[in-house]
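We count ligands from 1, going down the list as the structure has it; atoms in each ligand are counted the same way. All values derive from a computational prediction rather than experimental measurement.
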Amino acid sequence: MQSLQQLLDFDRLHVWHPYAAMPSLLPVFPVESAQGVHIQLMDGRSLIDGISSWWTCIHGYNHPRLNQAAHAQIDRMSHVMFGGLTHQPAVALAQKLIALTPEALQQVFFCDSGSVAVEVAMKMAVQYWYNRGLPQKQRFLTIRHGYHGDTFAAMSVCDPVNGMHHLFRNLLTQQYFAEAPQLSVDRDWQERDIESFAALLAAHHDQIAAAIFEPVVQNAGGMRFYHPEYVRQAKALCEKYNVLLILDEIATGFGRTGKMFACEHAAVCPDILCVGKALTGGFMSLAATLTTREISESFAAGEAGVFMHGPTFMANPLACAVSVENLTLLESYDWQSTIQTIASQLKAELEPCRSLAAVKDVRVLGAIGVVELHEPVNMPVIQPRFVEEGVWLRPFGRLIYTMPPYIIQPSELTAITRAIYKIVAQL
Ligand SMILES: *Cc1c(COP(=O)(O)O)cnc(C)c1O
């Protein structure tokens with residue numbers, strides 16, 4: 001067996017990490033195992049995970065019920081192709097998703113990751129208008145500070161600055177970018193917040209297949225919360241101009257904002273909905289794109305006669321079985337009050353950060369707590385500092401945030417907010 005140092009040396013020279021240089025310049029911490037909200041490092045240290053492995057493991061690691069569901073499914077089959085075959089886990093999961101999402105969403109397309117769910121949604125919108133005899137509707141309207149994934153179509157609707165569009169200028173489709181909403185959830189609604197979105201729709205709706213954005217919370221593009229009325233007005237404008245609405249709830253879905261889906265804050269049902277991240281409870285990768293009967297039925301009449309997409313590992317039975325169990329678990333307790341309790345504690349314990357010199361803003365919505373700084377964090381310095389304090393957080397840009405597992409205990413959440421205060425105070 002190789003030593004811990006040999007493992008790290010090989011990793012640094014040969015194994016690429018997310019958004020990393022090669023050889024890697026940033027420290028990575030080797031993980032032995034994980035249990036509940038704890039990540040056990042190979043050097044013996046234990047960390048409280050404050051970001052649920054990128055917002056996925058809402059019920060913690062190594063959950064006995066998810067493990068049991070996976071074991072039971074492995075003994076039947078871990079995978080079988082989905083072309084021409086179907087299986088109980090996929091059907092059971094589709095039934096659950098249809099029941100949990102807004103009423104009109106009745107058709108489920110399973111895919112492997114969030115980015116692919118967005119690709120599928122965008123392709124679905126374009127092909128829908130093609131089916132309807134409006135092939136010129138191929139572009140998308142989105143809002144600045146969004147994040148929708150790393151593949152090319154998804155990238156084209158990410159924030160043009162954060163998403164570094166200039167790097168891929170000649171390859172990315174030019175989309176329409178409305179100004180990001182400015183009004184926060186607790187302010188009075190003002191019409192001018194949506195003027196830019198409305199103007200772009202009025203001018204270019206002939207070319208626009210769909211508007212796409214993250215409802216109420218913009219996540220990886222800046223951890224911004226905005227007024228639900230924006231979502232409502234955007235939906236009404238889309239209807240007026242014959243443009244579909246795609247909502248990306250890959251980050252906000254499954255309770256994170258205090259509603260099962262963030263679109264419920266605005267009582268809006270999109271034409272197409274993307275879910276992922278917490279779907280399997282962080283067990284493995286799975287995502288889905290849901291749509292309405294009206295949209296799905298247009299495909300039979302179109303030139304292709306079918307929807308032109310079909311991943312090799314579509315509806316992987318193991319991932320579906322674990323997701324069914326994860327959603328059953330979510331429905332088995334009063335998750336709304338769990339999220340409320342986390343929100344109240346985050347509000348109380350992060351608020352003192354506001355008085356620190358380095359801090360620009362503190363905000364909380366559901367189980368999301370954000371401390372925004374004036375200056376970008378220095379990752380090689382700040383990441384090891386959090387590890388020394390025994391918590392796992394992954395700040396980016398000017399943002400230190402927590403999106404803890406729903407099973408976190410008050411004392412564990414306090415350990416996270418204390419570490420944030422202590423480290424930000426030292427900046
Ligand atoms: C993470 C994320 C994606 C991309 O999902 P991947 O599984 O990383 O491809 C897309 N949209 C939103 C809102 C996300 O948070």
Value rounded to 0.5 Å, distance of CD1 in Ile342 from OG in Ser337: 10.0 Å
For Trp55, take its heavy atoms, then give the atoms of ligand 1 lying under 4.0 Å from any of them. 15 (O)
Would you check if the distance from the ring center of Phe82 to the ring center of His87 is below 6.0 Å? yes
Full working for side chain to side chain donor-acceptor pair (under 3.5 Å) between Glu294 and Tyr128: CA-CA 10 Å; Glu294 202 258 316; Tyr128 168 75; 3.0 Å; yes
Using atom types as modelled and distance alone, determine if a side-chain donor or acceptor of Asn316 lies under 3.5 Å from a backbone N or O of Ser78. yes
What do you reckon, does Gly114 have a nitrogen or oxygen under 3.5 Å from a nitrogen or oxygen of ligand 1? yes
Looking only at N/O atoms, are Asp248 and ligand 1 under 3.5 Å apart anywhere? yes
Salt bridge (Lys or Arg N to Asp or Glu O under 4.0 Å) between Arg394 and Asp49: does it pass, once the steps are laid out? CA-CA 10 Å; Arg394 189 88 178 144; Asp49 183 356; over 6 Å; no
For ligand 1, which atoms have a heavy atom of His148 less than 4.0 angstrom away? 10 (C), 11 (N)
Would you mind running through ligand 1 and noting each atom that sits below 4.0 Å from a heavy atom of Glu214? 13 (C)
Trp54 touching ligand 1 at heavy-atom level, < 4.0 angstrom: no
What about Lys277: any of its N or O atoms under 3.5 Å from an N or O on ligand 1? yes
Approximate separation, where rounding is to 0.5 Å, of Phe254 CZ and Leu327 CG: 5.5 Å
Please confirm whether the backbone N or O of Cys158 pairs with a side-chain atom of His165, one donor and one acceptor, at under 3.5 Å? yes
Say whether Asn219 and ligand 1 are in contact under the criterion: heavy-atom distance to a ligand atom below 4.0 Å. no
Return the residue, atom name and 0.1 Å-rounded distance of the protein heavy atom closest to atom 4 (C) of ligand 1. Ser115 N, 3.6 Å
